[in-house]
*Asks:* 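First, the structure itself, so that you have it in front of you.
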Amino acid sequence: MSKDTIANLLTYIRNADTNKKRTVRIPYTNITESIVKILLREGFIENTRKHRESSKYFLVLTLRHRRNRKGPDRTVLNLKRISRPGLRVYSNYQRIPRILGGMGIVILSTSRGIMTDREARLDGIGGEILCYIW
């Protein structure tokens with residue numbers, strides 16, 4: 001297991017979505033909790049809850065599924081990690097990319113916490129681009 005908790009979070013969700021799993025359990029950190037709250041607020045996942053198992057905390061996510069998916073390439077979620085430990089990617093608020101013309105979201109780490117691209121543009125602050133979700 002790597003030290004990149006954001007990449008681990010995205011990989012857990014992507015693998016569960018590809019295998020058509022209804023729930024996925026991820027290790028709890030403050031960063032993963034913030035990203036999961038954004039995913040819940042934006043409607044990419046249905047529900048989340050905090051679970052404790054022998055002094056370790058986990059987040060249990062309930063994924064949103066479509067009924068008529070066929071083939072391995074018909075996933076509901078597309079997640080892409082942008083900034084990584086070997087190459088950090090920063091942007092000011094004017095140059096934050098728009099994903100699918102505003103249909104997807106960009107998650108940023110700013111001086112005011114982790115937020116979406118729309119919130120960062122409204123506040124007029126930039127930051128580190130963590131990931132794209134569409």
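Quick caveat, the model's predicted, so the values are computed rather than measured. Heavy-atom basis, side chains included; hydrogens, waters and symmetry copies ignored. Note that the numbering runs from 1 along the sequence shown for the chain.
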*Asks:* How far apart are the closest heavy atoms of Leu77 and Asp17, and which atoms are they?
*Replies:* N-OD2, 3.3 Å

*Asks:* Go through the steps for Leu59 and Thr32 under the test side-chain contact (heavy atoms from CB on, under 4.5 Å), then give the verdict.
*Replies:* CA-CA 9 Å; Leu59 289 172; Thr32 57; 4.2 Å; yes

*Asks:* Go through the steps for Val36 and Leu61 under the test side-chain contact (heavy atoms from CB on, under 4.5 Å), then give the verdict.
*Replies:* CA-CA 8 Å; Val36 165; Leu61 310 178; 3.4 Å; yes

*Asks:* Would you say Ile105 and Ile99 make side-chain contact, with heavy atoms under 4.5 Å?
*Replies:* no

*Asks:* Arg88 side chain to Ile129 main-chain N or O, any donor-acceptor pair under 3.5 Å?
*Replies:* no

*Asks:* Report the C-alpha separation of Ile82 and Tyr132 in whole Å, then their side-chain angles, then the decisive distance to 0.1 Å, and conclude whether the side-chain contact (heavy atoms from CB on, under 4.5 Å) test is met.
*Replies:* CA-CA 7 Å; Ile82 302 301; Tyr132 298 157; 3.5 Å; yes

*Asks:* Between CZ of Arg22 and CG of Asn47, what distance do you get to the nearest 0.5 Å?
*Replies:* 9.5 Å

*Asks:* Would you find a donor on one side and an acceptor on the other, under 3.5 Å apart, between the side chain of Arg81 and the backbone of Leu130?
*Replies:* yes

*Asks:* Can you find a heavy atom in the side chain of Ile125 that is under 4.5 Å from one in the side chain of Met115?
*Replies:* yes

*Asks:* Could you report the tightest heavy-atom contact between Ser91 and Ile96, atom names first, then the distance?
*Replies:* OG-N, 3.4 Å

*Asks:* Between the side chains of Arg98 and Asp117, is the shortest nitrogen-to-carboxylate-oxygen separation below 4.0 Å, so that they form an ion pair?
*Replies:* no

*Asks:* Restricting to non-hydrogen atoms, name the atom on Arg64 and the atom on Phe44 that form the minimum distance, rounded to 0.1 Å.
*Replies:* CB-O, 3.9 Å

*Asks:* Leu108 versus Val106: any side-chain heavy-atom pair under 4.5 Å?
*Replies:* yes

*Asks:* Can you tell me how far OH of Tyr57 sits from NZ of Lys50, rounded to the nearest 0.5 angstrom?
*Replies:* 6.0 Å

*Asks:* What closest approach, in Å, do Ile26 and Tyr12 show between heavy atoms, and which atom pair accounts for it?
*Replies:* CG2-CD1, 3.3 Å

*Asks:* For the CZ atom of Arg84 and the CD1 atom of Ile6, what is their distance to the nearest 0.5 Å?
*Replies:* 13.5 Å

*Asks:* First locate atom CD1 of Ile107, then atom CD1 of Ile38, and finally report the distance between them rounded to the nearest 0.5 Å.
*Replies:* 5.0 Å

*Asks:* Between Asn78 and Ile133, is a side-chain contact (heavy atoms from CB on, under 4.5 Å) present by the stated rule, with each step listed?
*Replies:* CA-CA 6 Å; Asn78 291 309; Ile133 300 171; over 6 Å; no

*Asks:* How many angstroms lie between CG in Leu10 and SG in Cys131, if you round to the nearest 0.5 Å?
*Replies:* 5.0 Å

*Asks:* Leu63 versus Thr23: any side-chain heavy-atom pair under 4.5 Å?
*Replies:* no

*Asks:* Between Arg52 and Phe58 (side chain of the first, backbone of the second, donor and acceptor by atom type, cut-off under 3.5 Å), is there such a pair?
*Replies:* no

*Asks:* Could Glu42 and Arg118 be called an ion pair, given the rule that one side-chain N must be under 4.0 Å from one carboxylate O?
*Replies:* yes

*Asks:* Just how far is it from atom CD of Glu128 to atom OH of Tyr90, taken to the nearest 0.5 Å?
*Replies:* 4.5 Å

*Asks:* Do you know which two heavy atoms are closest between Val89 and Ser83, and how far apart they sit?
*Replies:* N-OG, 3.1 Å

*Asks:* Would a distance-only check, ignoring hydrogens and angles, find a side-chain to backbone donor-acceptor pair under 3.5 Å from Arg14 to Leu79?
*Replies:* yes

*Asks:* Which heavy-atom pair separates Pro85 from Asp4 by the least distance, and what is that distance?
*Replies:* CD-OD2, 3.5 Å

*Asks:* Indicate yes or no: at least one non-hydrogen side-chain atom of Thr48 is less than 4.5 angstrom from one of Val60.
*Replies:* no

*Asks:* Within 45° of the axis and under 6.0 Å from the centre of the six-membered ring of Tyr28, does NZ or CZ of Lys56 qualify?
*Replies:* no

*Asks:* Would you call Ile13 and Leu39 a side-chain contact if the rule is heavy atoms closer than 4.5 Å?
*Replies:* yes

